[in-house]
*Asks:* 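Here you go, one structure.
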Amino acid sequence: MSAPAFARLPHPSPVADDVRAAAIADPAFGRVFTDHMVSIRYTEGQGWHDAQVMPRGPLTLDPATAVLHYAQEIFEGLKAYRLDDGSMALFRVEANAARFNASARRMAMAELPEELFIAAVKEAVAADAHWFPPVDGGALYLRPFMFASEVFLGVKPASEYQFLVITSPVGNYFKSSAPAISLWVSEDYTRAAPGGTGAAKCGGNYAASLIAQREAIAKGHDQVVFLDAAEHRWIEELGGMNMFFVFDDGSLVTPPLTGTILPGITRDAIITLAHDAGLTVREEAYAIDQWQADAESGRLTESFACGTAAVVTPVGKVTRGEKSFTIGAGGQGQVTEMLKARLVDIQRGRAADPHGWVTRI
Ligand SMILES: *Cc1c(COP(=O)(O)O)cnc(C)c1O
């Protein structure tokens, strides 16, 4: 099946230059959107069709659209960076395309040919490159997603889907100037169970995690950290970021991908960059009690969370019930800083790209 060509329908009345300039001067994460979106439709029997770059606008959905009832929805998140020479680049977009289809398989949805996913993302960037925010750490955040668009209340995998890409100019994810984030350990709620959807990037995982995230905020923390569903003992991840632990011998630990953790592309890149730096990385289960004991003994020197949106974010403090512990000096540690710098330098084209991660547009 040949990939459909994109019809390009420019916005008839794009946002005025001065309004856009004001909007992207200091964008809050996920609140500012560009003029266009990409849409491709899938119908069983016909395949993918109606590929369009079109004016961004509301979707009209029948109240019986399947996604509104059974939540068949998946998404991706990636950034387009501006390199020092002014060109735009994507980071590991092939990995996003592959993971999107892994999520689609788990949710019994139609798979999108990887080259079509990549072409759609490139179309979105090309249509709205002038929305790139002129701020430190700025990027165009791309949100490809797909939902069951069939109008039917029977419980089954849908036979129609809509895939979209929307674009949001972003600055730094965490607005506070604090040197590190604080975490709340959720003991009442889990994010994913064996056999469940924890490894799929689906909206449903987020829906289930929001109550715990709200609890974390209410208790004065930035993010929630989830433990495993079976024993409530092993550290899994945050609502939308993977975790790393750094020890006094310079080695790192990150929880293994056993099906309940989202296989982060940033996580994978950090493992590779740590190896490149001569560090040992163990993908092994790490217990919450051990984390506290190691932080208190000084064996654990740093912890950080990572993901596309927030890049690499040091963890300064962890609270579990009535007890809290501090990681290192409570700020950003050296290994965290080094790995973040190596990652960001590759993403922004300031360092060599030995693993072929950067795609220029
Ligand atoms: C997207 C996501 C991550 C981070 O993945 P990246 O590919 O690094 O952006 C981590 N955990 C969850 C639950 C996620 O949805």
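First listed ligand is number 1; within each ligand, the first listed atom is number 1. Counting begins at 1 with the first residue of the sequence.
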*Asks:* Could you tell me which atoms of ligand 1, counted from 1 in the order shown, lie closer than 4.0 angstrom to a heavy atom of Arg99?
*Replies:*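 Ligand 1 atoms under the 4.0 Å threshold to Arg99: 5 (O), 6 (P), 7 (O).
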*Asks:* Can you label the angle between the Phe163 ring and the Phe117 ring as parallel, tilted or perpendicular, going by 30° and 60°?
*Replies:* tilted
*Asks:* What orientation do Tyr286 and Phe245 show, parallel under 30°, tilted 30 to 60°, or perpendicular over 60°?
*Replies:*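 The rings of Tyr286 and Phe245 sit tilted, inter-plane angle from 30° to 60°.
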*Asks:* Counting non-hydrogen protein atoms only, what is the nearest one to atom 9 (O) of ligand 1? Give residue, atom name and distance.
*Replies:* Thr308 OG1, 2.6 Å
*Asks:* Applying a strict 4.0 Å limit to heavy atoms, is Gly240 in contact with ligand 1?
*Replies:* yes
*Asks:* Identify the closest protein heavy atom to atom 14 (C) of ligand 1: which residue and atom is it, and at what distance?
*Replies:* Lys201 NZ, 3.0 Å
*Asks:* Who pairs with His232 by side-chain contact (heavy atoms from CB on, under 4.5 Å), at least two apart in sequence or on another chain?
*Replies:*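 side-chain contact (heavy atoms from CB on, under 4.5 Å) check on His232 returns Thr190.
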*Asks:* What protein heavy atom is closest to atom 11 (N) of ligand 1, reported as residue, atom name and distance in Å?
*Replies:*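 I find the closest protein heavy atom is Glu237 OE1, 2.5 Å.
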*Asks:* Does the ring of Phe226 carry Arg191 above it, NZ/CZ under 6.0 angstrom from centre and within 45° of its axis?
*Replies:*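 Arg191 over Phe226 ring: no.
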*Asks:* Is it true that Arg191 lies under 4.0 Å from ligand 1, counting heavy atoms only?
*Replies:*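 So Arg191 counts as touching ligand 1.
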*Asks:* Anything under 30° is parallel, anything over 60° is perpendicular, the rest tilted; go ahead and classify Phe91 against Trp357.
*Replies:* perpendicular
*Asks:* Before signing off on this row, confirm whether Cys306 and ligand 1 have an N or O atom pair separated by under 3.5 Å.
*Replies:* no
*Asks:* May I ask you to list the atoms of ligand 1 that are less than 4.0 angstrom from any heavy atom of Gly264?
*Replies:* 5 (O), 6 (P), 7 (O), 8 (O)
*Asks:* Do you know which two heavy atoms are closest between Asp228 and Glu236, and how far apart they sit?
*Replies:* N-CG, 3.5 Å
*Asks:* Give the residue, atom name and distance (to 0.1 Å) of the protein heavy atom nearest atom 8 (O) of ligand 1.
*Replies:*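 Of every protein heavy atom, Thr266 OG1, 2.6 Å lies nearest to atom 8 (O) of ligand 1.
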*Asks:* Does ligand 1 have any atom sitting under 4.0 Å from a heavy atom of Gly198?
*Replies:*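 Contact absent.
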*Asks:* Going by the salt bridge (charged side-chain N to carboxylate O under 4.0 Å, His left out) test, name the single residue among Arg320, Arg233, Lys219 that passes it with Glu187.
*Replies:*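 Of all the options given, the one that passes is Arg320.
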